[in-house]
Amino acid sequence: MSNQTLIDLLDRVDRHPGQVALRSRSYELLDPVAGSRVVDVGCGAGLAVAELAALGAEPIGLDVDDHVIEVARSRHPGLEFHRADACDLPFGDGELTGYRADKVYHDLADPARAAAEAWRVLAPGGRIVLVGQDWDTFVIDSDDPALTRAMVAARADTVPSPHAARRHRTLLLDAGFEDVTVEVRTGVFTDGSLLPMVTGVAEGAYAAGAVTRWQADDWIAEQTGRARRGRLFLAVPMFLAAARRP
């Protein structure tokens with residue numbers, strides 16, 4: 001998937017009412033006060049950074065992808081965006097009061113290192129919020145449940161840390177954070193425009209060698225037909241973990 005295709009897909013997901021509510025809840029858990037310096041790690045095209053700025057915070061958006069940083073800067077002139085790695089943040093010790101990472105830790109080879117880095121840059125009393133999906137818990141309606149389960153598992157195995165979201169609480173506790181809470185909000189997607197989210201599961205499973213080309217194509221054809229008839233169904237539990245640095 002090209003960078004622009006991914007951005008287009010994420011834009012569609014971001015407009016989904018459930019995702020709007022999820023972001024809003026993440027800001028409530030972050031609880032930024034006016035003028036507070038907060039970082040959005042893995043900011044993508046910068047929507048959360050703009051929304052945090054509208055709440056009165058002084059946010060900085062970070063991403064490892066140069067292209068999405070350029071997109072973020074073009075969409076939100078006047079806001080601050082930089083290329084940076086979650087495990088090597090460009091801040092001094094205790095420089096920030098808030099840290100947010102949305103759909104990021106599953107892409108990291110070492111989520112624990114990122115959590116430790118979050119601890120380093122947060123001041124005492126600083127808040128951290130992690131949002132993410134567990135790649136083994138995608139629920140997809142299909143005429144072939146067994147094949148669907150196999151493809152979801154195979155697609156999950158291609159992700160660097162597919163179970164990072166279920167480990168958010170442990171990661172935060174092990175990094176030294178306190179008052180750790182965990183919530184689950186399930187996104188339900190039936191919009192045919194989000195079909196690429198579903199077909200990507202089959203393509204990932206095929207690329208991993210878990211299914212044949214004809215199995216993937218037949219499954220994709222079924223899902224495409226469901227989308228045309230308004231019968232597409234994808235449910236993705238999203239885990240929100242929040243904590244405080246003592």
Is a salt bridge present between Asp11 and Arg75, judged by a nitrogen-to-oxygen distance below 4.0 Å? yes

Can you give me the closest heavy-atom contact between Gly192 and Ala227, atom names plus distance? CA-CB, 4.0 Å

Hits for side chain to side chain donor-acceptor pair (under 3.5 Å) against Tyr206, two or more places apart or cross-chain, chain-then-number order -> none

Sequence neighbours left out, cut at 3.5 Å: what donor-acceptor pairs do the side chains of residues 55-64 make with other protein atoms?
from  : atom 1 : to    : atom 2 : distance (Å)
Asp63 : OD1    : Asp65 : N      : 3.0
Asp63 : OD2    : Cys43 : N      : 3.4
Asp63 : OD2    : Gly44 : N      : 3.0

According to salt bridge (charged side-chain N to carboxylate O under 4.0 Å, His left out), does anything in residues 166-175 pair up with another residue at least two apart or in another chain? List the pairs. Asp134-Arg166

Rounded distance (nearest 0.5 Å) linking atom CZ of Arg37 with atom CG of Leu96: 6.0 Å

Does Val184 sit in a hydrophobic cluster with other residues, and if so which ones, taking ILVMFWY side chains as linked at heavy-atom separations under 4.5 Å, directly or through other members? Phe239

Once the angle between the rings of Tyr105 and His168 is folded into 0 to 90°, is it parallel (under 30°), tilted (30 to 60°) or perpendicular (over 60°)? perpendicular

I'd like to check the side-chain contact (heavy atoms from CB on, under 4.5 Å) partners of Thr158; sequence neighbours left out, ordered by chain and number. Arg155, Ala208

Side chain to side chain, Phe233 and Val188, heavy atoms closer than 4.5 Å: yes

Short N-O contact, Glu203 and Arg213, less than 4.0 angstrom: yes

Would Val159 and Val198 show up in the same hydrophobic cluster when neighbours are defined by side-chain heavy atoms closer than 4.5 Å? yes

Examine Met151 and Met197 and state if one hydrophobic cluster contains both, with Ile, Leu, Val, Met, Phe, Trp and Tyr joined whenever side-chain heavy atoms are less than 4.5 Å apart. yes

Should the pair Arg25-Glu28 be classified as a salt bridge under the 4.0 Å nitrogen-to-oxygen rule? yes

Apply salt bridge (Lys or Arg N to Asp or Glu O under 4.0 Å) to Asp31 and list each qualifying residue two or more places apart in sequence or on a separate chain. none

Set of side chain to side chain donor-acceptor pair (under 3.5 Å) partners for Asp85, sequence neighbours left out: none

Does a side-chain heavy-atom distance below 4.5 Å link Gln223 with Ile220? no

Closest approach of Ala84 to Pro90 (non-hydrogen atoms, all atoms of both residues): CB-CD, 3.8 Å

Holding to side-chain contact (heavy atoms from CB on, under 4.5 Å), I want the full list of residues that pass it with Ala34, two or more places apart in sequence or in another chain. none

Is there a donor-acceptor pair closer than 3.5 Å between any side-chain N or O of Arg12 and the backbone N or O of Ser193? yes

Give me each pair satisfying side chain to side chain donor-acceptor pair (under 3.5 Å) with a member in residues 227-239, each pair once, sequence neighbours excluded. none

Which residues satisfy the salt bridge (Lys or Arg N to Asp or Glu O under 4.0 Å) test with Asp179, sequence neighbours excluded? Arg244

Among Asp14, Asp40, Asp102, which one satisfies salt bridge (charged side-chain N to carboxylate O under 4.0 Å, His left out) with Arg23? Asp14

Could you give the distance from CG (Leu240) to CG (Leu22), rounded to the nearest 0.5 Å? 5.0 Å

Does Gln215 reach the main-chain N or O of Thr212 with its side chain, forming a donor-acceptor pair under 3.5 Å? yes

If I compare all heavy atoms of Ala216 with all of Val211, which pair ends up nearest, and what's the gap? CB-CG2, 4.2 Å

According to a 4.5 Å side-chain heavy-atom criterion applied to Ile, Leu, Val, Met, Phe, Trp and Tyr, with indirect links allowed, do Val41 and Leu171 form part of one hydrophobic cluster? yes

Go through the steps to decide whether Arg185 and Gln19 satisfy the test side-chain contact (heavy atoms from CB on, under 4.5 Å), and finish with yes or no. CA-CA 9 Å; Arg185 301 281 181 104; Gln19 296 301 298; over 6 Å; no

Could you tell me whether the side chain of Phe81 reaches within less than 4.5 Å of the side chain of His76, counting heavy atoms only? yes

Mind checking the NE2-NE2 spacing from His163 to His106? Nearest 0.5 Å is all I need. 12.5 Å

With sequence neighbours excluded, what pairs up with Asp143 under the side-chain contact (heavy atoms from CB on, under 4.5 Å) test? Glu222, Arg226

Find out if a path of hydrophobic residues (ILVMFWY) with successive side-chain heavy-atom gaps under 4.5 Å connects Leu194 to Val152. yes

So do the side chains of Leu52 and Val38 get within less than 4.5 Å of each other, counting heavy atoms only? yes

Side chains of Ile7 and His67: closer than 4.5 Å at any heavy-atom pair? yes

Starting from the C-alpha separation in whole Å, work towards a yes-or-no answer on side-chain contact (heavy atoms from CB on, under 4.5 Å) for Ser142 and Trp219. CA-CA 8 Å; Ser142 168; Trp219 193 86; 3.2 Å; yes

Throw together a table of side-chain donor-acceptor distances under 3.5 angstrom for residues 112-130, partners on residues two or more places apart or in other chains.
from   : atom 1 : to     : atom 2 : distance (Å)
Glu117 : OE1    : Arg120 : NE     : 2.9
Glu117 : OE2    : Leu89  : N      : 2.8
Glu117 : OE2    : Arg120 : NE     : 3.4
Glu117 : OE2    : Arg120 : NH2    : 2.9
Arg120 : NH1    : Phe91  : O      : 2.9
Arg120 : NH1    : Asp93  : OD1    : 2.8
Arg120 : NH2    : Leu89  : O      : 3.2
Arg120 : NH2    : Phe91  : O      : 2.9
Arg127 : NE     : Leu29  : O      : 3.1
Arg127 : NH2    : Leu29  : O      : 3.0

